[in-house]
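Computed over heavy atoms, backbone and side chain alike; hydrogens, waters and symmetry mates excluded. Source: prediction; values computed, not measured.
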Amino acid sequence: MSDGEAKLINLAFRVGSVAEAEALVESTGGWSKRAMHDIDGEQFLEARFGGISINFFETALYDAKSQPPGGGFLHASFAVPSLAAILENPDWSARLIWGPSTIRGGFGHRRIAFFEPLPGCRIELMEEIDD
C-alpha cells in the first residue's frame with residue numbers, strides 16, 4: 001500500500017464445519033469459492049459474496065485450546081503498510097490479543113496481529129511481505 005491507509009481485506013466467520021461451508025458456497029448462487037487454505041494444519045475456506053472476501057474457520061488462530069468455539073462473526077481483516085508502526089502506537093499495543101506472527105499460504109506471506117479495541121470487536125491487521 002502506498003497511500004498509508006488501511007484497506008479492508010476480508011471478514012472472518014467461525015463455522016462448525018469448513019466442509020459444510022464449502023458445500024454451501026459451491027451450491028448457492030452469488031457465492032464463489034476462491035481457495036482452501038491451511039495455516040499450521042488448520043484449514044480455512046476463502047470465498048466471495050457481493051464483492052467481499054469472506055473466510056470461514058472452524059478454529060481461529062487466537063482461540064484458546066480449552067475454549068469451545070461458538071459459531072458467528074470472528075473479525076474483520078485490514079491490510080496496513082507497516083504492522084510495526086501500528087504496534088509502536090500505545091493505543092493499539094494495549095489492545096493486542098494475539099501475535100504478531102508470520103503466516104504463509106496460497107494467499108501469500110503475511111505478518112499479522114489481532115486486536116480487540118472494544119470488547120467482542122476483533123480486528124486483524126496484516127502486512128504483506130514480499131518474498
Evaluation steps, side-chain contact (heavy atoms from CB on, under 4.5 Å), between E88 and S93: CA-CA 7 Å; E88 289 175 5; S93 64; over 6 Å; no

So among F107, F56, F57, which one has a ring-ring contact (aromatic ring centres under 6.0 Å, His included) with H37?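 By the ring-ring contact (aromatic ring centres under 6.0 Å, His included) criterion, H37 pairs with just one of F107, F56, F57: F107.
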
As an exercise, state the distance from [atom1] of [X] to [atom2] of [Y], rounded to the nearest 0.5 Å.
{"X": "S77", "Y": "N10", "atom1": "OG", "atom2": "CG", "answer": "4.0 Å"}
{"X": "R111", "Y": "E128", "atom1": "CZ", "atom2": "CD", "answer": "14.0 Å"}
{"X": "L118", "Y": "R95", "atom1": "CG", "atom2": "CZ", "answer": "7.5 Å"}
{"X": "L125", "Y": "I112", "atom1": "CG", "atom2": "CD1", "answer": "10.5 Å"}
{"X": "S101", "Y": "R110", "atom1": "OG", "atom2": "CZ", "answer": "13.5 Å"}
{"X": "E42", "Y": "D63", "atom1": "CD", "atom2": "CG", "answer": "9.0 Å"}

Which atom names give the shortest non-hydrogen contact between [X] and [Y], and what distance separates them?
{"X": "A76", "Y": "L11", "value": "CB-CD2, 3.8 Å"}
{"X": "A47", "Y": "N55", "value": "N-OD1, 4.4 Å"}
{"X": "F44", "Y": "M36", "value": "O-SD, 3.4 Å"}
{"X": "L96", "Y": "A113", "value": "CD1-CB, 3.7 Å"}

Any non-hydrogen side-chain atom of [X] less than 4.5 Å from a side-chain atom of [Y]?
{"X": "L74", "Y": "F13", "answer": "no"}
{"X": "I129", "Y": "T102", "answer": "yes"}
{"X": "L87", "Y": "P100", "answer": "yes"}

Chi angles and distances behind the side-chain contact (heavy atoms from CB on, under 4.5 Å) call for E58, R14: CA-CA 5 Å; E58 291 178 18; R14 184 190 326 273; 5.9 Å; no

Sub-3.5 Å donor-acceptor pair from the side chain of [X] to the main-chain atoms of [Y], do we have one?
{"X": "E127", "Y": "L83", "result": "yes"}
{"X": "N89", "Y": "I86", "result": "no"}
{"X": "T28", "Y": "W31", "result": "no"}

Working for side-chain contact (heavy atoms from CB on, under 4.5 Å), residues L61 and I39: CA-CA 9 Å; L61 290 171; I39 300 175; 3.9 Å; yes

Might you work through the side-chain contact (heavy atoms from CB on, under 4.5 Å) test for F114 and I123, ending with a clear yes or no? CA-CA 6 Å; F114 291 91; I123 294 174; over 6 Å; no

Strictly under 6.0 Å, is that where the ring centroids of H75 and F115 end up?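 When the ring centroids of H75 and F115 are compared, they turn out to be at least 6.0 Å apart.
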
Greater than 12 external heavy atoms within 6.0 Å of D40's CG: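 Atom CG in D40 is not packed in, count stays at 12 or less.
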
For a quick check under 3.5 Å, do S32 and R48 share a side-chain donor-acceptor pair by atom type?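 There is no such pair between these side chains.
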
